[in-house]
Asks: 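Dumping the structure here so I can ask a few things about it.
Just so it is clear: chains get the letters A, B, ... in the order the sequence lines come, proteins before strands, and each one is counted from 1. Just the heavy atoms: all of them, side chains too, but no hydrogens, waters or symmetry mates, feed the values below. Treat the numbers as computed from the prediction; the structure is a model and nothing was measured.
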Number of protein chains: 2
Amino acid sequence: MSDFKIPGITVYRLALYARALERFLAEGKDLISSEELARECGVNSAQLRKDLSYFGQFGVRGVGYSVPALLKHIKRILGTDREWPMVLAGVGHLGMALLNYDLLAQRGFRFVAAFDVDEKKIGRVINDVYVYALEQFGWVVKEHPVKIGVIATPASAAQEVADLFIEHGIKGILNFAPVRIKHPKNVVVEHSDLTILFDKVAFYTRRLD
Amino acid sequence: MSDFKIPGITVYRLALYARALERFLAEGKDLISSEELARECGVNSAQLRKDLSYFGQFGVRGVGYSVPALLKHIKRILGTDREWPMVLAGVGHLGMALLNYDLLAQRGFRFVAAFDVDEKKIGRVINDVYVYALEQFGWVVKEHPVKIGVIATPASAAQEVADLFIEHGIKGILNFAPVRIKHPKNVVVEHSDLTILFDKVAFYTRRLD
DNA sequence: TACTGTGAAATATTTCACAGCA
DNA sequence: TGCTGTGAAATATTTCACAGTA
């Protein structure tokens with residue numbers, strides 16, 4: 001029921017539950033138990049109920065949860081019941097993949113502009129998103145109420161781009177460059193270094209037999 | 001000093017330390033304290049020392065750690081001191097980004113073959129990797145001692161691809177499709193759903209002020 | 001009856017704080 | 001002296017187990 005000090009891992013799992021609920025909803029399922037939803041997500045059912053209990057009571061005892069209602073509640077909790085206009089820095093292969101990832105736009109995460117320093121990329125339009133020169137960042141974001149910025153540049157450019165983002169009022173940064181970003185406390189940075197995922201798979205694969 | 005029941009989060013942090021050490025090494029730094037390395041990675045220095053202590057003693061009291069030696073130790077622990085030939089299923093935008101991600105190959109994670117069901121993609125060569133029809137999977141992997149498979153297909157194809165991987169002896173799977181893969185216990189699956197990262201950023205961004 | 005919601009117990013992880021050593 | 005390595009304490013997270021209720 002609380003509203004602060006939510007474990008980061010709980011936020012992660014709420015997003016996981018939302019994904020699963022979207023699938024169940026698409027299948028036309030109307031009602032679900034914590035047991036069934038938890039199994040689908042690979043967690044313990046008490047954990048799922050505890051995660052939800054930080055935010056309220058969404059089920060019916062003896063019955064379960066309404067799939068559409070619970071999804072709506074979780075989206076409201078996560079803040080994904082709204083549109084999140086975003087900007088992208090770095091239109092390399094990963095940046096291209098993000099611009100073309102339609103699932104993101106379907107969920108309200110929509111890129112309104114992309115930026116690069118490569119002359120060959122500036123001026124291109126990718127999946128309806130225009131690629132600007134990085135120097136144009138200031139006036140482009142003035143046109144758009146952007147809160148989230150995504151970094152898909154090489155590591156060497158990441159901090160500089162983050163500083164530019166922060167200077168222009170961006171509050172949430174998703175950083176795919178393999179380097180830790182320094183940032184003030186009133187800015188949120190989520191790091192996602194893909195190479196680390198491969199390291200983890202290697203570690204656990206080697207220990208198998 | 002133990003060798004089993006390593007917290008998953010410790011494995012993650014070891015990879016983080018390796019990335020930072022690579023940067024320090026590139027800068028020519030020879031010696032580092034747990035304090036400095038921990039700060040660079042955003043963790044507590046006791047945590048870093050504890051993480052390492054699961055695997056041995058790698059420092060010198062009163063002095064610190066040798067940057068190249070510690071990096072070598074961590075890579076040996078992670079199993080990234082060797083080559084990991086891999087296969088990719090799904091040559092969409094994300095698959096393309098992975099095939100072109102040279103940092104991966106530099107670290108020994110090398111795609112030896114890619115697979116797709118789209119006629120237009122089959123037969124193409126991307127960053128020296130040939131794209132085969134998915135039906136050819138069996139005989140292609142017979143040629144290569146592949147342990148790790150990467151799934152970058154749509155969610156609807158992911159389980160089918162995973163089953164094919166597992167049937168042909170793949171032991172470690174990195175799944176980028178936004179769906180949980182069912183798998184036997186002697187196979188490792190690491191899930192990475194990019195949409196969840198965006199949800200997390202949205203959650204924390206909204207709570208800021 | 002068949003579930004949820006949640007204190008309390010169990011477990012896991014992080015941090016402290018200091019002994020040990022180059 | 002200035003660091004690492006590590007038990008022990010503190011904290012966080014997960015799971016149990018059962019009261020509550022449609």
Asks: Taking only side-chain nitrogens and oxygens of B/S34, does any of them come within less than 4.0 Å of OP1 or OP2 of D/dT4?
Replies: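 Looking at the OP1 and OP2 atoms of D/dT4, one of them is under 4.0 Å from a side-chain N or O of B/S34.
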Asks: For A/K50, what residues pass the side-chain contact (heavy atoms from CB on, under 4.5 Å) criterion, not counting sequence neighbours?
Replies: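 Residues passing side-chain contact (heavy atoms from CB on, under 4.5 Å) with A/K50: A/S53, A/Y54.
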Asks: Sugar-phosphate means primed atoms, P, OP1 and OP2; the rest is base. With that split, encode nucleotides 16-22 of chain D 5' to 3' as B, S or - using protein heavy atoms under 4.0 Å.
Replies: BB-BBBB
Asks: Whole Å only: how far is the CD atom of A/E36 from the C1' atom of C/dT4?
Replies: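 That distance rounds to 15 Å.
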Asks: Is there a donor-acceptor contact under 3.5 Å from the side chain of B/E190 to the main chain of B/I173?
Replies: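 Checked: no pair found.
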Asks: Over how many whole Å does the gap from A/Q47 atom CD to C/dG5 atom P extend?
Replies: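 A/Q47 atom CD is separated from C/dG5 atom P by 15 Å.
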Asks: Between A/V188 and B/F203, does the side chain to side chain contact (heavy atoms under 4.5 Å, CB included) criterion hold? Intermediate values first, please.
Replies: CA-CA 10 Å; A/V188 161; B/F203 177 84; over 6 Å; no
Asks: In whole angstroms, how far is the C1' atom of C/dG7 from the CD atom of A/Q57?
Replies: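 The answer, rounded to whole Å, is 14 Å.
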Asks: From CD1 of B/I9 over to C1' of D/dT13, roughly how many Å is that when rounded to an integer?
Replies: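 That distance rounds to 12 Å.
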Asks: Can you list the residues that meet the salt bridge (charged side-chain N to carboxylate O under 4.0 Å, His left out) rule with B/R61, with sequence neighbours excluded?
Replies: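 Listed in chain order: nothing, the list is empty.
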Asks: Send over the distance from B/L48 CG to C/dT15 C1', rounded to a whole Å.
Replies: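 In whole Å, C/dT15 C1' and B/L48 CG are 13 Å from each other.
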Asks: Near DNA chain C, counting only heavy atoms under 4.0 Å, which residues of residues 10-29 of chain A show up?
Replies: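 Going residue by residue through residues 10-29 of chain A, none turns out to have a heavy atom under 4.0 Å of DNA chain C.
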Asks: Under 3.5 Å, which donor-acceptor pairs do the side chains of residues 82-91 of chain A form with other protein atoms, sequence neighbours left out?
Replies:
| unit_1 | atom_1 | unit_2 | atom_2 | d |
| --- | --- | --- | --- | --- |
| A/E83 | OE1 | A/R110 | NE | 3.1 |
| A/E83 | OE1 | A/R110 | NH2 | 3.0 |
| A/E83 | OE2 | A/R110 | NH2 | 3.1 |
| A/W84 | NE1 | A/G79 | O | 2.6 |

Asks: With no hydrogens and no angle check, do the side chains of B/D51 and B/T10 hold a donor and an acceptor under 3.5 Å apart?
Replies: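 B/D51 vs B/T10: donor-acceptor pair found between side chains.
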Asks: Determine whether the side chains of A/R19 and B/T195 contain a donor N or O and an acceptor N or O closer than 3.5 Å.
Replies: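 Yes, B/T195 and A/R19 have a side-chain donor paired with an acceptor closer than 3.5 Å.
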Asks: Taking only residues two or more places apart in sequence, or in another chain, which ones meet B/F165 in a ring pair (Phe, Tyr, Trp, His ring centres under 6.0 Å)?
Replies: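 Listed in chain order: B/F137.
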Asks: When the distance from CG of A/D51 to C1' of C/dG5 is rounded to whole Å, what number comes out?
Replies: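 In whole Å, C/dG5 C1' and A/D51 CG are 13 Å from each other.
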Asks: Please state how far atom CG in A/L31 lies from atom C1' in C/dA2, giving the value in whole angstrom units.
Replies: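 Roughly 12 Å, once rounded to whole Å.
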Asks: Taking only side-chain nitrogens and oxygens of B/Y65, does any of them come within less than 4.0 Å of OP1 or OP2 of D/dG5?
Replies: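 Yes, B/Y65 has a side-chain N/O under 4.0 Å of OP1/OP2 on D/dG5.
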Asks: Which residue is it: B/D163, B/V161, B/N175? I am looking for the one with a side-chain contact (heavy atoms from CB on, under 4.5 Å) to B/I181.
Replies: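 Answer to the side-chain contact (heavy atoms from CB on, under 4.5 Å) test with B/I181 among B/D163, B/V161, B/N175: B/N175.
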Asks: Quickly work out the A/L52 CG to C/dT6 P distance and round it to whole Å.
Replies: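 Result: 11 Å.
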